[in-house]
Amino acid sequence: MTYIQDGLYIGNIDDAYNTAFIAKHGITHILTADAKPLTREGTDGVKYKYVHALDMITMDLLSHFESCIEFIDKGRKEGGILVHW
């Protein structure tokens, strides 16, 4: 996982399931851009946003940017957010 700025981290699926990291850094939100959503075991109180995304040139990710930016901003204000793909 990579620290980007206060309250914002970028990581992979292993980071998203790392409950110790989530608790230590006050992660309150997780944004997933992947082929399938995360299971939510062991992360009580965490809010999730899922964007179906495949590593294909034809994927339309631009239509999701506004809602993802809003979710990231909210996550940073409420504690912290982990964005993973």
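Bear in mind the structure is a predicted one, so any value in this text is a computation, not a measurement.
Ile4 pairs by the side chain to side chain contact (heavy atoms under 4.5 Å, CB included) definition with Thr2, Leu8, Ile10, not counting sequence neighbours. Scored by the side chain to side chain contact (heavy atoms under 4.5 Å, CB included) test, Thr28 finds Glu78 as partners (sequence neighbours excluded). For Ala53, the side chain to side chain contact (heavy atoms under 4.5 Å, CB included) partners at least two apart in sequence or on another chain are Ala33, Leu61. With sequence neighbours left out, the ring-ring contact (aromatic ring centres under 6.0 Å, His included) criterion links His25 to Tyr9, Phe21. With sequence neighbours excluded, no residue forms a side chain to side chain donor-acceptor pair (under 3.5 Å) with Asp55. Asp14 is linked by a side chain to side chain contact (heavy atoms under 4.5 Å, CB included) to Asn12, counting only residues two or more places apart in sequence or in another chain.
Of the inter-residue distances, the one linking Lys36 atom NZ with His52 atom NE2 reads 12.5 Å to the nearest 0.5 angstrom. With rounding to the nearest 0.5 angstrom, the OG1 atom of Thr39 is 3.0 Å from the OH atom of Tyr17.
Both Ile81 and Trp85 belong to a single network of hydrophobic side chains, linked directly or stepwise wherever heavy atoms of I, L, V, M, F, W or Y lie under 4.5 Å apart. Residue Tyr48 is not grouped with residue Val83 when hydrophobic side chains (ILVMFWY) are merged at heavy-atom distances under 4.5 angstrom, including chains of intermediate members. In the hydrophobic clustering of this structure, Ile13 does not group with Tyr50; members are Ile, Leu, Val, Met, Phe, Trp, Tyr whose side-chain heavy atoms approach within less than 4.5 Å, directly or through other members.
Checked against Val46 for a side chain to side chain contact (heavy atoms under 4.5 Å, CB included), the options Leu38, Leu82, Thr19, Ile30 give a single hit: Ile30.
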Report all side-chain donor-acceptor pairs from residues 62-75 shorter than 3.5 Å, counting only partners two or more places apart or in another chain.
from: Ser63; atom 1: OG; to: Asp60; atom 2: OD2; distance (Å): 2.9
from: Ser67; atom 1: OG; to: Lys49; atom 2: NZ; distance (Å): 3.3
from: Ser67; atom 1: OG; to: His64; atom 2: O; distance (Å): 3.1

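Side-chain contact between Asp6 and Arg76: present, with at least one pair of heavy atoms (C-beta onward) separated by less than 4.5 Å.
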